[in-house]
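What follows is a single structure, written as structure tokens, with notes after it.
Please read all numbers here as calculations on a predicted model, not as lab measurements. Basis for what follows: all heavy atoms, side chains included, without hydrogens, waters or symmetry-related copies.
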Amino acid sequence: MSQEEQPRVSQWETRKYVPKAGEPALPPQISQFANKTTDEVMEELNRLPFFMTKLDETDGEGGENIGVEALKSLAYDGEPDEIATNFKNQGNDCFKAKQYHNAIEYYNKALEVDCGVDDITKSLYLNRAACNLELKNYRKCVEDCKRVLTLDEKNVKACFRAGKAFFAIEKFEEAKQILTYGLSFSDSQDLTTLLSQVENKQKQIKDQLIKREKEEKEKQLKQAVLENSIKLRHYEIVRTKNPPEMLKSAKLTLEDPTDYQSQLIFPALVLYPTTDEFDFIAEISELTTPLEILEMVLNRPVEWFEGKHKNFHVKTLDCFMETTSGGLIKVGKKMELNQILLQESPKAPLFDNALKLFVVPKSDVAEWTSKWNKDIALQSRKQ
């Protein structure tokens with residue numbers, strides 16, 4: 001490497017502390033870093049408790065970090081109640097900082113000390129219950145509150161926190177019991193407010209249940225009325241293997257769902273087999289006539305009646321329906337649909353809850369009917 005290519009070195013990296021006459025030498029703790037890189041120095045410093053940015057329990061050579069172990073032992077230095085109180089205070093600091101998991105760890109350590117002082121033990125369980133409540137560990141919260149009440153049977157906070165936990169998991173009766181118990185020896189507004197919330201929630205759920213049951217009964221009643229109305233009319237409904245998309249959710253309804261004698265309403269599929277087209281009408285009445293259907297679907301611009309639609313006029317069209325045996329019947333254009341559907345022989349059913357009406361120009365009827373295949377028609381139906 002040429003002189004020009006040599007990396008530049010800062011004068012601060014080359015200069016070293018050299019004590020002059022009368023000046024102190026570097027202490028051994030610092031002199032040991034003299035020939036180490038910055039990263040190596042920082043790693044060494046991190047093993048000194050005062051400089052630690054992360055916990056390092058080693059001495060860098062596979063042994064234990066004596067400084068850290070000494071600090072750990074200090075945590076357990078003192079009487080059991082002092083040690084437990086120290087851990088409790090650290091837990092409280094974590095709780096204030098919303099570090100609930102850490103707070104629980106400190107409370108656990110304090111409880112492990114088993115200091116034998118009920119007031120301290122009670123506050124530890126109570127504080128841990130508060131953490132579990134925040135963390136939505138509701139069952140653990142209840143357990144901690146129970147432990148508190150075994151030490152202090154009239155602890156309002158334990159009753160309140162247990163009540164909140166029961167409320168959160170929808171154990172409403174248990175929540176009411178613990179809150180009512182708390183109010184038996186305290187006039188706490190917190191208990192009163194929470195009890196009111198529990199009771200209101202119970203009432204809301206009960207009202208919703210009553211409403212759903214009423215709606216279900218009404219639905220069942222309407223369905224029964226509908227089914228009976230179809231039976232009384234002797235209408236037949238045929239299901240096909242592959243119904244058109246618009247008929248997959250088609251429904252028969254009564255104009256008045258509670259009166260089987262009111263008009264039956266259903267969709268209509270108007271098919272034009274000679275032009276391979278169709279129209280779909282979402283709702284028609286059983287009292288509608290094929291003529292009214294034709295007038296509805298043929299209400300189009302004049303231009304539509306040119307070309308292949310030149311014979312599509314009310315007077316030049318015939319209407320047909322498919323029968324239960326797979327054949328065809330011609331239907332009168334002025335007959336109401338209920339009269340057609342009521343006929344027993346030949347029987348014209350509804351298909352997939354809808355009217356299926358074939359509309360053919362008179363000039364094409366002979367050719368179209370001659371090509372009709374009953375077997376193919378029957379094969380399309382569900383068995």
Side-chain angles (χ1 to χ4, degrees), residues 226-227 229-244 246-248 250-254 261 263-299 308-383:
L226 176 62
E227 290 174 358
S229 69
I230 295 171
K231 290 179 182 178
L232 290 170
R233 286 167 166 81
H234 298 284
Y235 288 178
E236 189 162 340
I237 299 172
V238 170
R239 303 290 178 182
T240 61
K241 294 177 181 177
N242 298 299
M246 71 283 294
L247 295 184
K248 287 182 178 179
K251 293 182 180 179
L252 289 148
T253 57
L254 286 165
Q261 291 183 321
Q263 294 185 73
L264 198 64
I265 309 297
F266 43 80
L269 191 62
V270 185
L271 301 158
Y272 311 105
T274 58
T275 60
D276 199 25
E277 297 173 303
F278 71 90
D279 279 314
F280 176 71
I281 305 172
E283 290 185 345
I284 60 169
S285 161
E286 63 180 338
L287 302 180
T288 307
T289 65
L291 177 61
E292 290 170 328
I293 292 174
L294 289 177
E295 290 173 342
M296 190 185 308
V297 297
L298 294 177
N299 184 19
K308 64 180 181 179
H309 300 126
K310 63 181 180 180
N311 293 325
F312 279 68
H313 300 280
V314 171
K315 293 183 179 180
T316 60
L317 293 169
D318 282 340
C319 296
F320 296 83
M321 289 177 66
E322 187 177 337
T323 67
T324 53
S325 61
L328 291 168
I329 58 168
K330 182 180 177 180
V331 296
K333 286 185 279 190
K334 293 185 179 180
M335 290 182 66
E336 292 180 348
L337 294 175
N338 67 335
Q339 295 176 331
I340 301 170
L341 295 167
L342 275 168
Q343 293 182 55
E344 290 299 328
S345 182
K347 187 68 173 175
L350 295 171
F351 285 85
D352 301 308
N353 287 338
L355 176 73
K356 188 177 180 182
L357 188 69
F358 295 96
V359 176
V360 183
K362 292 179 183 293
S363 58
D364 298 327
V365 168
E367 182 181 359
W368 176 67
T369 55
S370 67
K371 294 179 180 179
W372 183 265
N373 190 312
K374 291 176 61 176
D375 293 333
I376 293 176
L378 291 171
Q379 286 173 9
S380 68
R381 304 177 187 180
K382 287 185 177 180
Q383 299 301 316

Would the number of heavy atoms belonging to other residues, nucleotides or ligands and lying under 6.0 Å from [atom1] of [X] be above 12?
{"X": "K362", "atom1": "NZ", "result": "yes"}
{"X": "N373", "atom1": "CG", "result": "yes"}
{"X": "F278", "atom1": "CZ", "result": "no"}

Hey, what do you get for [atom1] ([X]) to [atom2] ([Y]), rounding to the nearest 0.5 Å?
{"X": "I293", "Y": "K333", "atom1": "CD1", "atom2": "NZ", "value": "12.5 Å"}
{"X": "M335", "Y": "N338", "atom1": "CE", "atom2": "CG", "value": "8.5 Å"}
{"X": "N242", "Y": "R381", "atom1": "CG", "atom2": "CZ", "value": "14.5 Å"}
{"X": "E336", "Y": "L342", "atom1": "CD", "atom2": "CG", "value": "10.5 Å"}
{"X": "E286", "Y": "I265", "atom1": "CD", "atom2": "CD1", "value": "7.5 Å"}
{"X": "L355", "Y": "I281", "atom1": "CG", "atom2": "CD1", "value": "8.5 Å"}

Where [X] and [Y] come nearest, the two heavy atoms and their spacing:
{"X": "A348", "Y": "M321", "answer": "CB-CE, 3.9 Å"}
{"X": "S285", "Y": "L337", "answer": "O-CD1, 3.8 Å"}
{"X": "G332", "Y": "P290", "answer": "O-CG, 3.5 Å"}
{"X": "T274", "Y": "P361", "answer": "OG1-CD, 3.7 Å"}
{"X": "P267", "Y": "K251", "answer": "CD-O, 3.9 Å"}
{"X": "K347", "Y": "P349", "answer": "O-CD, 3.4 Å"}

Between R233 and L341, is there a donor-acceptor pair closer than 3.5 Å when you use the side chain of the first and the backbone of the second? no
Between K241 (side chain only) and Q379 (backbone N and O only), is there a donor and an acceptor less than 3.5 Å apart? yes
With F266 as reference, evaluate L350, T288, T253, N353 under the side-chain contact (heavy atoms from CB on, under 4.5 Å) test and give the passing residue. L350
Side chains of [X] and [Y] in contact at under 4.5 Å (non-hydrogen atoms):
{"X": "V365", "Y": "F320", "result": "yes"}
{"X": "L357", "Y": "V331", "result": "yes"}
{"X": "L252", "Y": "I237", "result": "yes"}
{"X": "T324", "Y": "P346", "result": "no"}
{"X": "V270", "Y": "F280", "result": "no"}

side-chain contact (heavy atoms from CB on, under 4.5 Å) between L317 and L298, intermediate numbers included: CA-CA 11 Å; L317 293 169; L298 294 177; 3.7 Å; yes
F358 ring center within less than 6.0 Å of W372 ring center: yes
Just checking, is any N or O donor in the side chain of T240 or D352 under 3.5 Å from an acceptor N or O on the other one?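 Their side chains do contain a donor-acceptor pair, which is all the 3.5 Å distance test asks for.
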Regarding D279 and Y272, is there a side-chain donor-to-acceptor distance under 3.5 Å anywhere? yes
List the steps, then state whether side-chain contact (heavy atoms from CB on, under 4.5 Å) holds for W368 with L328. CA-CA 11 Å; W368 176 67; L328 291 168; 3.6 Å; yes
Going by an N to O cut-off under 4.0 Å, is there a salt bridge joining E227 and K231? no
Determine whether L264 and Y235 satisfy the following criterion, side-chain contact (heavy atoms from CB on, under 4.5 Å), listing intermediate values before the conclusion. CA-CA 11 Å; L264 198 64; Y235 288 178; 3.7 Å; yes
Determine, stepwise, if the pair M246 / L269 fulfils side-chain contact (heavy atoms from CB on, under 4.5 Å). CA-CA 9 Å; M246 71 283 294; L269 191 62; 4.3 Å; yes
